[in-house]
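Source: prediction; values computed, not measured.
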Amino acid sequence: MPTTTSDVIEFDKRGAIGLITINNPPANALSFAVVKGALEALDACLGDDGIEAVVLTGAGRMFVAGADIREFSIPRPDDVPELNAVIDACEGSPKPVVAAINGIAFGGGLELAMGCHYRLISAAAQVGQPEVNLGIIPGGGGTQRLPRLAGIDAALEMCVYGKPIKADKAGELGIADEVVEGDIVERAIAFAGEVAGRPPRRTGEQTEKLAGLDKARLEEVREDIKKKQRGVVAPLVVVDMIEAAAAMPFEEGLKAEREAFVKLRDSDQSAAMRYMFFAEREAAKIPGIGKDVETRKIEKAAIVGSGTMGGGIAMNFANAGIPVTVLDVDRGALDAGLARVEETYGGSVSRGRMTEEQVTEKMGLIAGTTDYADLADADIVIEAAFEDMDLKKKIFATLDETCKPEAILASNTSSLDIDEIAAATNRPDKVVGMHFFSPANVMRLVENVRTAEASRESLATLMQLSKGLGKTGVMVGVGDGFVGNRMYHVAARIAEFLVEEGAMPWDVDEALYDWGFAMGPFAVNDLAGIDVRVAIREGQKSLYPGRREPVIVPKLYGMGRYGQKTGKGWYDYSEGRKGKPDPEVEALIIETSKELGIERRDFSRSDIIQAYLTALANTGAHVLGEGLAIRSSDIDVIWNYGYGFPRRRGGPMFHADLVGLDKVLAKAGELHEAYGDWVKPAELLKSYAAEGKKFNDFKAG
């Protein structure tokens, strides 16, 4: 029987082999306790003359999934060594140390394995260095040892892009010495017996795969990073460190890596990315809906509406292997919608992301109909029709009569009152919102809307379904625009006022793009459609009586400039999808300012960014105070996945916490004075600023 040497480390002596097992569920993370216990166990093995070799493995389905990043912000106890000390002890051991990689070995887990002299890997395991996703680099020798084992190109691919590889690939590259189909621990013990007595084979001494460093390749990777991961520092540092592996002695490379790791770990960028890592996981936890709540199995789905959104939603179900029926009362529109879906899949084939056989399989899961009776056996029906309350209520009344009693009915509305929609049915406990973001087959976010009478079972099913579709589901409440669009429309309106007062739309977009947003609000407006923006404003007039609206949008609408769909909007798209500043729009803006009696002034990039971010954070505070979001981190997840907020900045609420809520409140006061009560500072913002709190301190209820 294994002997527990600590709460997280087990030791067993198998003849002349010492077996050290990390048992720190669920992920066997390298916590302070694990690091301390592992080094003590290894020292005990090295001091025991009856032990000739050591096997290091993990309990359960993990080897080690990485460091315990929750401890990054906690002072390391004096008696706890750095992870590097354990890795160095493995590599420096005079007795062979064999890693039995029984499951996932990510980050520090792979670094620990690479410090061992030999590595055996289970056929179902994966290895990877995903640290860049947290704004850091490998800090336990990963950038120095991985190139020595797998070569520079493979190390670049794994460390720069953070993507794991499977066991067979690890064996092919030389990361693993043997891929094991059966009991890996028993095989590792036998293997350790075979190599016992041999001189240790230390990874740091291997240099064959470092030869022939291709500097042109390194520059190519750097340019790719700058293009695809704008402003993210860690991947560029990774390239520098892998270059150092080939250019420096091993010990110097380790020192340089460690210094770079510590600098990144302590940066705002890494703090933001680690925050987002936990925020995503927290979003799945809904107060009052625990694991005891049963969920319905979704085996058949249906979509009402065959437009771009309806087709995209249908693709999500097909991609997940769930049969889905798309309904449209217009046969021509239905055929066109299904053809558009097939065309979208065809694009994936042309880019090499799918095969023709896979497309045939997916399309085989998507059926079309014009008859509501064909939806009778669906477990969930998602309405994706035009944003018109009367139309949606009519659809839901029909679905209520047609669908089986236990079926969940969901609306994809982006702003309408789903409680009112639910009232049109006799099953309000099974009516919810499922707000996908466009394009629905690509965007990961779904705002799952909790209606007043929705049952816990319906809500739990919704969250489970989102995960099954490969989406990040965030639970929100019923309110104008829910969470994301509520915030977006306020910030976009502020941006339009800035344009009336002196900025140009491309100035605003460029400032926010350079700050890290995927797109600025005017480019987004052109993509979504200026006609859509006008329709939304019409729908909001009764909600915000007396509020002055910026006037340029309706002027563009009147000119037929609807955005990309018409070739002209805020920008001119005559030369392609990347719009160009248009002199006609500039003249219109300047003339409009004169009509309004506004003397135009210059806005710095800082002015633009501060106004936009303050509008987001202040509206987010309103959202929290009104109970539309459970946590401030949920808001940040929504903005990261739904609106292109740069992950390296965390999210609008995290960024506000970083800036200081007293400063945010001061700027919110300026906006209030300039534009009126529709941007008045939220009571939550005022109270938290006064008390020195952060939005992250907010607890719902």
request  = Compute whether any side-chain donor of one residue and acceptor of the other, for Ser414 and Glu387, lie under 3.5 angstrom apart.
outcome  = yes
remark   = Residues passing the ring pair (Phe, Tyr, Trp, His ring centres under 6.0 Å) test with Tyr612, sequence neighbours excluded, are Phe517
query = With sequence neighbours excluded, what pairs up with Pro550 under the side chain to side chain contact (heavy atoms under 4.5 Å, CB included) test?
reply = Arg493, Glu496, Phe497, Glu500, Arg537
inquiry  = The test is side-chain contact (heavy atoms from CB on, under 4.5 Å); show your working for Asp531 and Tyr557 and say whether it passes.
reply    = CA-CA 6 Å; Asp531 53 333; Tyr557 177 76; 3.7 Å; yes
Would you list the atom pairs, donor with acceptor, under 3.5 Å between side chains in residues 650-662 and any protein atom, with sequence neighbours excluded?
residue: Asp657; atom: OD1; partner: Phe695; partner atom: N; Å: 2.6
residue: Asp657; atom: OD2; partner: Phe695; partner atom: N; Å: 3.3
residue: Asp657; atom: OD2; partner: Asn696; partner atom: N; Å: 3.1

key: Any donor-acceptor pair under 3.5 Å from Arg631 side chain to Glu282 backbone   = yes
message = Using the rule given for side chain to side chain donor-acceptor pair (under 3.5 Å), can you reason through Ser593 versus Glu501, listing the C-alpha separation, both sets of side-chain angles and the distance that settles it, and then say yes or no?
response = CA-CA 7 Å; Ser593 298; Glu501 294 167 10; over 6 Å; no
key: Selection residues 432-442 - residue pairs positive for side chain to side chain donor-acceptor pair (under 3.5 Å), sequence neighbours left out   = His435-Glu447
inquiry  = Please report the interatomic distance CZ(Arg486) to CD1(Ile638), rounded to the nearest 0.5 Å.
reply    = 12.5 Å
With Val239 via side chain to side chain contact (heavy atoms under 4.5 Å, CB included) - residues at least two apart = Leu156, Val160, Leu218, Val221, Arg222, Ile225
query = With sequence neighbours excluded, what pairs up with Glu683 under the side chain to side chain donor-acceptor pair (under 3.5 Å) test?
reply = Lys686
message = Once you measure the plane-to-plane angle for Phe261 and Phe72, does it fall in the parallel (<30°), tilted (30-60°) or perpendicular (>60°) bin?
response = perpendicular
message = So, taking the atom named SG in Cys159 and the one named CD in Gln129, what distance separates them when rounded to the nearest 0.5 Å?
response = 5.0 Å
Side chain to side chain donor-acceptor pair (under 3.5 Å) involving Thr614 - partner list, sequence neighbours excluded = none
Those residues that, when tested against Glu71, pass salt bridge (charged side-chain N to carboxylate O under 4.0 Å, His left out) (two or more places apart) = none
inquiry  = Taking CD in Glu599 as the centre, count heavy atoms belonging to other residues, nucleotides or ligands within less than 6.0 Å. Is the count above 12?
reply    = no
query = Does Lys555 pair with Glu591 as a salt bridge, N-O distance under 4.0 Å?
reply = no
Ser458-Ser455 side chain donor-acceptor pair, cut-off 3.5 Å = yes
Rounded distance (nearest 0.5 Å) linking atom CZ of Arg450 with atom CG of Leu462 = 11.0 Å
remark   = Sorted by chain and number, sequence neighbours left out, side chain to side chain donor-acceptor pair (under 3.5 Å) with Glu223 holds for none
ask   = Can you list the residues that meet the side chain to side chain contact (heavy atoms under 4.5 Å, CB included) rule with Lys228, with sequence neighbours excluded?
value = Asp224
query = Do Arg274 and Phe278 meet the cation-pi criteria used here (NZ or CZ under 6.0 Å from the six-membered ring centre, within 45° of the axis)?
reply = no
ask   = What residues, two or more places apart in sequence or in another chain, satisfy side chain to side chain donor-acceptor pair (under 3.5 Å) together with Ser466?
value = Asn448
request  = Could you walk me through whether Val432 and Ile408 pass side-chain contact (heavy atoms from CB on, under 4.5 Å), step by step?
outcome  = CA-CA 8 Å; Val432 292; Ile408 293 173; 3.8 Å; yes
remark   = Hits for side chain to side chain contact (heavy atoms under 4.5 Å, CB included) against Arg649, two or more places apart or cross-chain, chain-then-number order -> Trp515, Phe645, Pro646
task = Evaluate side chain to side chain donor-acceptor pair (under 3.5 Å) for Asp636 paired with Ser633, printing each intermediate quantity in order.
result = CA-CA 5 Å; Asp636 289 335; Ser633 59; over 6 Å; no
task = Take atom CZ of Arg70 as the centre, draw a 6.0 Å sphere, and report whether it contains more than 12 heavy atoms from other residues, nucleotides or ligands.
result = no
key: Sole residue of Trp570, Trp506, Tyr513 in ring pair (Phe, Tyr, Trp, His ring centres under 6.0 Å) with Phe522   = Trp570
